[in-house]
Asker: 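For reference, the structure I am asking about is given below.
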Amino acid sequence: MLISEPLQVAISDYLQDFSSVFIGLVNPKTPVNVGGIMRASGCYGVNGVFYTGRRYELAARSGAAQYHVDTKDAGEHIPLMGVNSLLESIPADTKLICVDLVVGATPLPDFVHPPKAFYVFGPEDGTIGQDIIDKADAVVYVPTVGCMNLAASVNVLLYDRLAKSHREAANLTSSLVPSLSGDALIRQSRDNNNRTRVKVPRAPRKPRHVKSSSVEPSCLEPSSSDNGIVITAA
């Protein structure tokens, strides 16, 4: 079932009273990462993406077509805004959460996400400034061996948020649009070329019942006529 645009807006406005998510990028370097973050933002329902610096804009101008990672065109309905200050871009009643490999940070698996959050990520070749970290309500890190790609880090963070809030979000969404869950959600979200499905395993076949012979156990006696074995009834 495809949801009409007015209903999508109504659901978005209703959910925003409970939850909102924003991404802040400190001077990102590559359009590939920014494009991947925009695609993830569309998948996970991010409300807006902010970035500082000029490196992304300069790189994107040199070849926008080859950097087209956001194949779902999430950027058409999710704002991507260049700003001078991420701190000044945080909406009211929204917690500032820094995500980076910072000494003293909280492991992501142990972190409880606030309903309204502004997640800040450092650049590919640097880290979040101390001035932003000092203002943060929480600082978290993904406990991997080595650091991940910027877009991958955003995906992991957003999935962690989704996984931890899945039941509440699923119940709320289902109460608004009962059919937007399970297989209906999969059909709406999957790629046009995807028509795969999970096969229901067949019940194992029951072994055929072999009737026991009514003949009593036989005695084996050597035949007098040759050296073979013959069967005679007992």
Side-chain angles (χ1 to χ4, degrees), residues 12 15-16 19-53 55-56 59-60 66-82 86 89-90 94-102 105-128 132 136 138-170 173 181 185-186 188-191 193-194:
S12 178
L15 291 175
Q16 193 165 356
S19 175
S20 56
V21 180
F22 299 90
I23 301 296
L25 306 175
V26 178
N27 196 19
K29 183 178 181 180
T30 68
V32 171
N33 271 325
V34 176
I37 290 167
M38 291 305 297
R39 178 164 182 168
S41 297
C43 292
Y44 292 103
V46 171
N47 299 87
V49 179
F50 300 82
Y51 67 90
T52 59
R55 297 193 300 175
Y56 158 66
Q66 64 177 317
Y67 297 130
H68 186 57
V69 181
D70 178 20
T71 57
K72 297 297 183 181
D73 296 323
E76 293 184 0
H77 57 88
I78 297 176
L80 173 63
M81 296 165 282
L86 293 177
S89 304
I90 302 173
T94 302
K95 299 294 185 182
L96 170 60
I97 313 298
C98 291
V99 186
D100 211 338
L101 293 170
V102 178
T106 301
L108 183 59
D110 298 335
F111 182 63
V112 178
H113 296 265
K116 297 184 178 182
F118 190 103
Y119 298 101
V120 173
F121 295 81
E124 296 90 330
D125 52 357
T127 188
I128 303 170
I132 298 178
V139 181
V140 301
Y141 75 99
V142 182
T144 55
V145 178
C147 58
M148 290 189 298
N149 166 273
L150 174 58
S153 298
V154 174
N155 272 277
V156 169
L157 182 284
L158 293 176
Y159 175 76
D160 184 81
R161 180 184 176 94
L162 171 70
K164 290 174 179 175
S165 61
H166 174 71
R167 289 185 180 179
E168 179 181 354
T173 304
S181 61
L185 178 60
I186 292 173
Q188 177 175 306
S189 302
R190 67 185 179 181
D191 187 84
N193 296 323
N194 182 357

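Heads up: numbering here begins at 1 and tracks the sequence.
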Asker: Find the distance between CZ (Phe50) and CD1 (Ile23) and round it off to the nearest 0.5 Å.
Answerer: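 The CZ atom of Phe50 sits 10.5 Å away from the CD1 atom of Ile23.
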Asker: So Ser89 and Met81, do their side chains get closer than 4.5 Å, heavy atoms only?
Answerer: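 A side-chain contact under 4.5 Å is absent here.
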Asker: Judged by atom type as modelled, is there a donor-acceptor pair below 3.5 Å linking the side chain of Asn47 to the main-chain atoms of Val21?
Answerer: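 Flag set: sc Asn47 to bb Val21 pair under 3.5 Å.
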Asker: Minimum heavy-atom separation for Glu124 to Lys29, with atom names?
Answerer: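 Shortest heavy-atom separation between Glu124 and Lys29 comes out as OE1-N, 2.8 Å.
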Asker: Does the side chain of Leu80 reach to within under 4.5 Å of the side chain of Tyr51, using non-hydrogen atoms?
Answerer: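 Leu80 reaches Tyr51 side chain to side chain.
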Asker: Measure the shortest side-chain to side-chain distance between Leu101 and Cys147 over non-hydrogen atoms and say whether it is less than 4.5 angstrom.
Answerer: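 SC-SC contact between Leu101 and Cys147 confirmed.
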Asker: How long is the straight-line distance from SG of Cys98 back to CD1 of Ile128, given to the nearest 0.5 Å?
Answerer: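 SG of Cys98 is found 4.5 Å from CD1 of Ile128.
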Asker: Can you see which heavy atom on Ile97 is nearest to which on Pro114, and at what distance?
Answerer: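 Heavy-atom minimum between the residues: CD1-CG, 4.2 Å.
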Asker: Mind checking the CZ-CG spacing from Phe121 to Leu157? Nearest 0.5 Å is all I need.
Answerer: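 Rounded to the nearest 0.5 Å, the CZ-CG separation comes to 4.0 Å.
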Asker: Do any N or O atoms from the side chain of Thr52 and from the backbone of Asn27 form a donor-acceptor pair under 3.5 angstrom?
Answerer: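 Yes, the answer is positive, given that a donor and an acceptor are paired below the 3.5 Å cut-off.
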Asker: Check for a donor-acceptor pair, side chain of Asp100 on one end and backbone N or O of Val102 on the other, with a separation under 3.5 Å.
Answerer: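 No: the side chain of Asp100 does not pair with the backbone of Val102.
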Asker: Within the structure provided, determine whether Ser20 and Lys116 are in side-chain contact (heavy-atom separation under 4.5 Å).
Answerer: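 Yes; the side chains approach each other to less than 4.5 Å.
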Asker: What heavy-atom pair brings Pro109 and Lys164 nearest, and what distance separates the two atoms?
Answerer: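 Closest heavy-atom pair between Pro109 and Lys164: O-NZ, 3.3 Å.
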Asker: To the closest 0.5 Å, what do you measure between OH (Tyr44) and CG (Asn155)?
Answerer: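 So the OH of Tyr44 and the CG of Asn155 are separated by 5.5 Å.
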Asker: Rounded to the nearest 0.5 Å, how far does NE2 of His113 lie from CG of Leu158?
Answerer: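 The CG atom of Leu158 sits 8.5 Å away from the NE2 atom of His113.
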Asker: Per the side-chain contact (heavy atoms from CB on, under 4.5 Å) rule, which among Val120, Ile37, Asn33 passes with Leu25?
Answerer: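 Of the listed options, the one satisfying the test is Ile37.
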Asker: Work out which heavy atom in Arg161 is nearest to a heavy atom in Pro115; give both atom names and the distance.
Answerer: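 Smallest heavy-atom distance, with atoms named: NH2-O, 2.6 Å.
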Asker: Between Val49 and Met38, what is the shortest heavy-atom contact and its length?
Answerer: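 In this case the closest contact between Val49 and Met38 is CG2-SD, 3.7 Å.
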Asker: On a heavy-atom basis, which atom in Arg55 and which in Pro28 lie closest, and how many Å separate them?
Answerer: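 Heavy atoms of Arg55 and Pro28 come nearest at CB-O, 3.6 Å.
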Asker: What's the separation between atom OH in Tyr119 and atom CG in Leu86, rounded to the nearest 0.5 Å?
Answerer: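 One finds 15.5 Å between OH of Tyr119 and CG of Leu86.
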